[in-house]
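Taking it in order: structure first as structure tokens, then the write-up.
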4 protein chains.
Amino acid sequence: MPPRFKKAEAEEMHSQTRQLLLDAASEYFSKLGYEKANVDRISKAAGFAKGTVYNYFTSKRDLMLELIDSIAASHFEFIANSVRQEEDPVRRLQRFFEAGFEWISANLAQGRVMLTTLNGPDLDFKERLQQGYAPMFQLVASEILAPGAESGAFRQVDLMPTAGLIMTIYLGFGATVDEQGRPPLPPEQISDFVLHALHV
Amino acid sequence: MPPRFKKAEAEEMHSQTRQLLLDAASEYFSKLGYEKANVDRISKAAGFAKGTVYNYFTSKRDLMLELIDSIAASHFEFIANSVRQEEDPVRRLQRFFEAGFEWISANLAQGRVMLTTLNGPDLDFKERLQQGYAPMFQLVASEILAPGAESGAFRQVDLMPTAGLIMTIYLGFGATVDEQGRPPLPPEQISDFVLHALHV
Amino acid sequence: MPPRFKKAEAEEMHSQTRQLLLDAASEYFSKLGYEKANVDRISKAAGFAKGTVYNYFTSKRDLMLELIDSIAASHFEFIANSVRQEEDPVRRLQRFFEAGFEWISANLAQGRVMLTTLNGPDLDFKERLQQGYAPMFQLVASEILAPGAESGAFRQVDLMPTAGLIMTIYLGFGATVDEQGRPPLPPEQISDFVLHALHV
Amino acid sequence: MPPRFKKAEAEEMHSQTRQLLLDAASEYFSKLGYEKANVDRISKAAGFAKGTVYNYFTSKRDLMLELIDSIAASHFEFIANSVRQEEDPVRRLQRFFEAGFEWISANLAQGRVMLTTLNGPDLDFKERLQQGYAPMFQLVASEILAPGAESGAFRQVDLMPTAGLIMTIYLGFGATVDEQGRPPLPPEQISDFVLHALHV
DNA sequence: TATGAATGAGAGTTCATTCAT
DNA sequence: AATGAATGAACTCTCATTCAT
């Protein structure tokens with residue numbers, strides 16, 4: 001089936017070009033911010049000419065939105081995989097922070113895009129990001145806090161606000177990592193701090 | 001002494017125009033971010049023509065830097081005044097969060113400028129902001145945590161990292177306030193959470 | 001080889017657009033001077049939108065510098081070609097003035113740009129122009145005066161200062177041409193005057 | 001007569017302020033050219049506030065025009081005084097160049113304004129300057145060349161074109177003086193050159 | 001007379017986007 | 001699918017000029 005084969009190949013190429021553009025976008029959006037980053041340079045950095053971006057994304061704005069989606073998905077997947085390998089809620093919370101900072105240090109540019117977007121002035125971007133991060137929020141509430149409260153490992157707390165607090169702490173520290181992606185406090189101490197606060 | 005009087009009047013006017021421009025800048029920088037905010041509209045919003053900004057600030061960038069200084073000073077002064085009215089370290093910590101969120105809800109635009117700048121891509125702005133916030137950092141470390149650790153109210157912790165953690169939590173929640181400036185958790189619960197974590 | 005052909009075509013277009021812009025720049029810089037000439041109008045006069053200039057030159061300043069280079073090269077080439085067709089130093093000197101004024105009257109705008117730049121306040125422009133005109137200076141010194149002095153056609157003079165004097169006279173009269181490019185004295189009389197001065 | 005006295009004093013002050021402004025204008029127009037020179041800085045350099053310029057001149061353009069007049073008058077007066085101290089046409093010609101370069105080196109800024117204006121793109125300025133320099137042109141024609149031709153010291157030449165040629169040479173060299181106002185050739189050599197050309 | 005705050009027209013420059021190739 | 005020349009809106013900044021004091 002040569003045509004099929006060819007089509008698959010073409011799709012692969014398509015998807016690869018797309019990914020190269022997203023990666024370059026990550027780099028520039030993180031370094032310069034959305035406004036100062038420039039489509040020409042992103043495209044060039046990915047190895048293409050300016051116009052190519054518009055064969056894959058309808059606009060610079062669309063490029064950013066799709067990048068946000070892709071970052072949120074990758075970030076969530078990595079943390080969820082790690083957290084779900086544990087059963088114990090306390091260990092799960094520790095894993096959450098460990099895996100979280102591990103992802104950040106392995107994906108510095110994406111991490112910065114996420115954090116600047118979260119605190120940035122563009123409400124469309126912010127909303128899209130929050131949609132993307134809803135699963136992570138859920139993970140903390142229903143797969144870490146809920147079982148922990150049920151098992152008596154944590155004191156009784158309101159699930160959603162406390163999940164929010166934990167996300168806030170995670171993201172707060174995520175925003176303060178150094179150039180190698182290390183937080184100012186080791187992840188263990190951060191989870192210790194939170195565990196202290198959740199302790200019965 | 002009419003000339004003296006006149007001079008004072010002139011200086012008053014000068015300083016007032018300057019303040020009007022800083023306020024308008026606050027508004028626009030917070031709503032649109034530094035890049036999209038536009039000098040013409042800022043000046044018009046303050047009641048002046050476009051060129052007037054350049055009689056008071058050397059550039060848009062300078063306007064932003066001076067705004068950062070002014071925000072940091074006002075923010076610190078408000079919190080320090082409130083914190084220092086208490087003697088007890090536990091009450092001081094509570095006051096820190098109370099006053100902090102009170103300032104934010106009374107200065108929403110400034111608060112947003114501060115938070116977007118802190119997480120934004122512009123390193124000059126970030127550095128200037130960090131210089132401006134150094135006193136607040138000091139306040140937490142040496143006027144809240146140190147006496148608390150000494151009096152036995154808090155467990156022994158490393159001062160600076162813990163001050164950083166508290167600032168991170170404060171700013172993290174500061175970034176999540178709603179349109180009326182209310183944090184998702186009441187300040188008491190946030191300080192409770194931290195106090196739990198600091199408890200002996 | 002269609003791609004080759006296409007490439008050559010593209011380069012041709014590129015170079016043509018560039019030349020149109022340089023020509024329009026000549027026109028405006030000569031009529032209004034560098035400061036009052038305006039990029040928008042230059043671009044429009046060349047048949048393009050304002051932004052197009054910046055696809056070919058990095059700035060208005062760069063446009064001017066490249067125009068200076070192009071003028072100096074064209075001016076020198078024309079004069080050198082004419083001078084070198086003669087062997088006799090006296091005839092060469094006459095040709096120098098004849099060809100010089102011929103070039104000026106055929107390139108009025110470029111001539112005016114050259115002369116205003118030479119006497120203008122911008123030192124960068126001036127320096128660039130002097131670099132561009134160094135070959136013409138050389139031509140006078142080593143291909144006209146030196147052989148003339150050697151053959152006894154001219155009296156013994158210091159080569160470089162005298163070359164400077166001749167250039168000064170040429171440019172001085174170049175600056176006084178009328179709207180059709182005619183100098184106030186016919187070129188023959190000018191070279192006569194100089195020949196009188198150089199006569200043994 | 002106190003009122004009279006006062007009035008004279010006031011006029012003196014007026015005239016002095018005016019002169020200070022003209023001097024500062026000279027400085028800035030020569031250094032930066034008319035377009036880039038800026039009224040505020042000229043006024044400040046003269047020791048006044050921006051607005052003061054407009055109490056003495058109707059516009060920046062008017063300031064320039066009056067400066068041109070003042071330069072031409074001073075330049076002519078200096079040269080004419082020197083030339084007229086001689087009787088011999090040959091000596092007069094030598095004096096012309098000597099005094100000319102002496103004036104230039106003692107009035108560098110004014111000299112540069114004159115020369116850039118002469119070759120600059122602004123036709124109003126140029127015309128005003130030519131009006132101002134008409135007397136000097138006359139001086140050369142009727143007080144140097146005419147008596148020289150009559151007495152047989154010079155060969156028969158057309159007066160006005162030759163006066164133009166001499167002015168062109170003078171101004172051409174004037175445009176090439178170094179930072180101390182010295183021409184590339186000593187004035188004696190320049191007048192020698194011209195005398196050679198005029199010799200019977 | 002001297003001042004300098006305010007003005008706003010006008011400039012150079014950037015860059016997202018289009019589209020013919 | 002990939003290109004990159006062309007576009008023009010939008011932006012920051014400068015500065016001659018006015019005018020109330």
Side-chain angles (χ1 to χ4, degrees), chain A residues 10 13-14 17-18 35-44 47-63, chain B residues 2-3 6-7 9-10 13-14 16-18 35-44 46-63, chain C residues 2-3 6-7 9-10 13-14 16-18 35-44 47-63, chain D residues 10 13-14 17 35-44 47-63:
Chain A
M13 285 277 283
H14 183 276
T17 299
R18 204 187 131 86
E35 299 299 340
K36 298 216 79 177
N38 137 343
V39 173
D40 190 7
R41 281 197 274 277
I42 289 172
S43 216
K44 285 284 199 324
F48 301 94
K50 186 175 8 193
T52 298
V53 166
Y54 293 89
N55 294 329
Y56 292 86
F57 305 94
T58 60
S59 64
K60 183 187 180 184
R61 186 155 272 271
D62 177 47
L63 171 59
Chain B
K6 259 189 175 166
K7 203 172 180 183
E9 224 178 312
M13 285 276 283
H14 186 277
Q16 191 199 320
T17 299
R18 205 187 132 86
E35 299 299 340
K36 297 218 76 175
N38 144 334
V39 173
D40 190 2
R41 279 196 277 277
I42 289 172
S43 213
K44 286 285 199 329
F48 300 96
K50 146 167 65 166
T52 298
V53 167
Y54 294 91
N55 294 336
Y56 292 86
F57 304 93
T58 60
S59 62
K60 183 186 181 187
R61 217 175 171 69
D62 177 47
L63 172 59
Chain C
K6 259 189 175 166
K7 205 172 178 180
E9 224 179 313
M13 284 274 284
H14 186 276
Q16 192 199 320
T17 299
R18 205 186 132 85
E35 299 299 340
K36 296 219 78 173
N38 143 333
V39 174
D40 190 2
R41 280 195 276 276
I42 288 173
S43 214
K44 287 284 200 327
F48 300 96
K50 154 166 58 170
T52 297
V53 166
Y54 294 90
N55 293 337
Y56 293 85
F57 305 94
T58 61
S59 62
K60 183 187 181 186
R61 219 176 168 69
D62 177 47
L63 171 59
Chain D
M13 285 278 283
H14 183 276
T17 299
E35 299 299 338
K36 297 216 80 177
N38 135 345
V39 173
D40 190 6
R41 281 196 273 278
I42 289 172
S43 215
K44 287 282 200 323
F48 301 94
K50 185 175 6 193
T52 298
V53 167
Y54 293 89
N55 294 329
Y56 292 85
F57 305 93
T58 62
S59 63
K60 183 188 180 186
R61 185 155 272 270
D62 176 47
L63 171 59

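Quantities reported herein were computed from a predicted structural model and do not represent experimental measurements. Just so it is clear: chains get the letters A, B, ... in the order the sequence lines come, proteins before strands, and each one is counted from 1. Atom set for the values below is all heavy atoms of this structure, side chains included, hydrogens, waters and symmetry mates excluded.
For B:Y56 and E:dA6, the shortest distance from a side-chain N or O to OP1 or OP2 is below 4.0 Å. Using a 4.0 Å cut-off, no side-chain N or O of A:R61 falls inside it from OP1 or OP2 of E:dA16. Here D:N55 does not reach the OP1 or OP2 of E:dT1: none of its side-chain N or O atoms lies under 4.0 Å away. In this model, the phosphate group of E:dA16 is not approached by any side-chain N or O of A:S59 to a distance below 4.0 Å at OP1 or OP2. Using a 4.0 Å cut-off, some side-chain N or O of A:T52 falls inside it from OP1 or OP2 of F:dT3. An OP1 or OP2 oxygen of E:dT14 is reached within less than 4.0 angstrom by no side-chain nitrogen or oxygen of C:Y54.
Distance, C:F48 CZ to F:dA5 C1': 9 Å, rounded to whole Å. F:dT7 atom P lies 9 Å from atom NZ of C:K44, rounded to whole Å. Remark: P of F:dC15 and CG of D:L63 are 16 Å apart, rounded to the nearest angstrom. For the pair A:F57 CZ and E:dT18 P, the interatomic distance rounds to 16 Å; values are reported in whole Å. C:D40 places its CG atom 17 Å from the P atom of F:dC11, with the value rounded to the nearest Å. When rounded to the nearest whole Å, the span between NZ of C:K36 and P of E:dA11 equals 8 Å.
Residues D:D40 and D:K50 come closest through the heavy atom pair OD1-CB, 3.8 Å. Closest non-hydrogen pair, C:D62 versus C:F57, comes out as OD2-CA, 3.4 Å. Minimum interatomic distance between C:A49 and C:S43 (heavy atoms only, all atoms of both residues): O-OG, 2.7 Å.
Pairing for E:dT17 is with F:dA6, a Watson-Crick or G-U wobble pair whose two hydrogen-bonding atom distances lie under 3.5 Å.
When each of F:dA6, F:dT7, E:dA16 is scored by its nearest atom to the side-chain atoms of C:A49, the top-ranked nucleotide is F:dT7. Across E:dA11, E:dA16, F:dA2, the shortest atom-to-atom separation from the side chain of C:K60 is found for E:dA11. Across F:dA16, F:dT12, F:dG8, the shortest atom-to-atom separation from the side chain of B:N38 is found for F:dT12.
No engagement by C:R18 is indicated, since no non-hydrogen atom pair under 4.0 Å with the nucleic acid exists. B:A46 comes within contact range of no nucleotide atom at all, as no heavy-atom separation falls under 4.0 Å. A:K50 comes within 4.0 angstrom of a nucleotide base, judged by non-hydrogen atoms across all strands.
The main-chain N or O of C:A37 is found under 3.5 Å from a side-chain atom of C:K60 such that the two form a donor-acceptor pair.
Between atom CG of residue A:N55 and atom OG1 of residue A:T17 there is a gap of 9.5 Å, rounded to the nearest 0.5 Å.
With DNA chain E read from its 5' end, the first of the two nearest nucleotides for C:R41 and B:V53 is the one closest to B:V53.
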